[in-house]
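Right, one structure below, let's go through it.
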Number of protein chains: 2
Amino acid sequence: MSNDHAKDPLARLPGYALRRAASATMADLAARLHAVELRISDASVLMLIRDRVDMTSTEIGKILDFQSANMVPLLSRLELAGHIKRVPINRKSMAIVLTDRGQELLIQVDSITARFEVELLGRIPEAHRAHFLPALHGLWP
Amino acid sequence: MSNDHAKDPLARLPGYALRRAASATMADLAARLHAVELRISDASVLMLIRDRVDMTSTEIGKILDFQSANMVPLLSRLELAGHIKRVPINRKSMAIVLTDRGQELLIQVDSITARFEVELLGRIPEAHRAHFLPALHGLWP
DNA sequence: TATTGTTATACTCTATAACTATA
DNA sequence: TATAGTTATAGAGTATAACAATA
């Protein structure tokens, strides 16, 4: 207990702690990704489609839990920035694929997120570290 | 690994898992608190000031990490609903105090959050459960 | 009929800048 | 000068409803 959580009576509640931890951690990640002008959701999409040439907007949204309506401005931004392109699958569907520029950017994204993940785990006391990911896996469908 | 995280290659990243877990869990809590017409931030404030008659808006914001500008509409809502009142400390500061009605509502809030916290912990595999809170405590200041 | 992708829209959350009044 | 509280505003994130075109 190196920190000031004693001053916050709510810090004993797992739900509250989850909210505070996620909020602080995601603000940190967002700031790091700002260096490559990406949002967290943008980076998630780029990482998800890294080796794929066949994922549609709908599929991406299903996996990442983004509404399809919200995929539209997200993908438009990435396309406008030259990171992805839309490749027709049939007359109804489009595959979302990394461009060469997107591939290069992904190298930077990998570097940023790898460092971020290492530092995140590093802030968790060693005795609890290995339990963190399996615990979280219970908390979303 | 009872769930579908195998289909999501990002699920191995602790940061991503933290984001997904917090998002799903907080959506659940928000829905439960909707029954008493409170937001998560509202309920946090009520729980924080439960036994206090001397906390100012600024102090509350510092503990819960809400900007003071964002405290204004939050407290206005709670005051309008009759859950809190403002008691002058001096000509500059106001104490934020539960009304009788706020005290009664807090009983319901405690019931909702207690059940929520139990179910949250229940979704974490037993072997990892005790490590969850101490791990989170490393992740915010 | 169901699905893909889209448009428009609205609500919540959070952050910043600028201001008043008081300590 | 520093602090408490406020106003206005903007950027994100997220949700719903309605729609066109195609499977």
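What's counted below: heavy atoms across the whole structure, side chains too, no hydrogens, waters or symmetry copies. Sequence lines set the chain letters: A, B, ... in the order given, protein chains first and strands last, and positions in each chain run from 1.
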Just jot down the side-chain contact (heavy atoms from CB on, under 4.5 Å) partners of [X], sequence neighbours excluded, or say none.
X      : value
B/E117 : A/L13, A/P14, B/L120
B/S76  : B/V72, B/R86
B/I63  : A/D8, B/L48, B/M55
A/S93  : A/T56, A/I89, A/N90

Worksheet item: What class does the angle between the rings of A/F132 and B/F132 fall in, given that below 30° is parallel, 30 to 60° is tilted and above 60° is perpendicular?
Response: parallel
Worksheet item: So, do B/L33 and B/R39 sit near enough that their side-chain heavy atoms are less than 4.5 Å apart?
Response: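 B/L33 does not reach B/R39 side chain to side chain.
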Discussion item. In the structure I gave you, are the side-chain heavy atoms of B/V53 and B/V87 within less than 4.5 Å of one another anywhere?
Written reply: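 No. Closest side-chain heavy atoms not under 4.5 Å.
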Discussion item. With heavy atoms of chain B within less than 4.0 Å as the criterion, where does contact along DNA chain C begin and end?
Written reply: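 With heavy atoms of chain B under 4.0 Å away, the range is C/dT12 to C/dA23.
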Worksheet item: Taking for each residue the nucleotide of DNA chain D with the nearest heavy atom, is it A/H34 or B/R86 whose nucleotide lies nearer the 5' end?
Response: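 Upstream on the strand: B/R86.
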Discussion item. Counting primed atoms plus P, OP1 and OP2 as sugar-phosphate and everything else as base, spell out the protein contacts along nucleotides 13-23 of chain D at 4.0 Å heavy-atom distance: B, S or - for each nucleotide, 5' to 3'.
Written reply: SBBBB----BS
Fill in: Nearest-Å distance for atom pair CE/C1', residues B/M55 and D/dG5
16 Å
Fill in: Spacing between B/K62 atom NZ and D/dA2 atom C1', to the nearest angstrom
11 Å
Worksheet entry | Gap separating the NE2 atom of B/H131 from the CD1 atom of A/I124, nearest 0.5 angstrom | 12.0 Å
Worksheet item: How is B/S68 classified with respect to the nucleic acid when contacts are heavy atoms under 4.0 Å: base, sugar-phosphate, or nothing?
Response: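 Base: the residue B/S68, judged by heavy atoms under 4.0 Å, touches a nucleobase.
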Practice prompt. Give A/M71 one of three labels, base, sugar-phosphate or nothing, depending on what nucleic acid heavy atoms sit under 4.0 Å from its own.
Written response: nothing
Discussion item. Does D/dG5 have OP1 or OP2 under 4.0 Å away from a side-chain N or O of B/T56?
Written reply: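 For B/T56, the contact criterion (side-chain N or O under 4.0 Å from OP1 or OP2 of D/dG5) is met.
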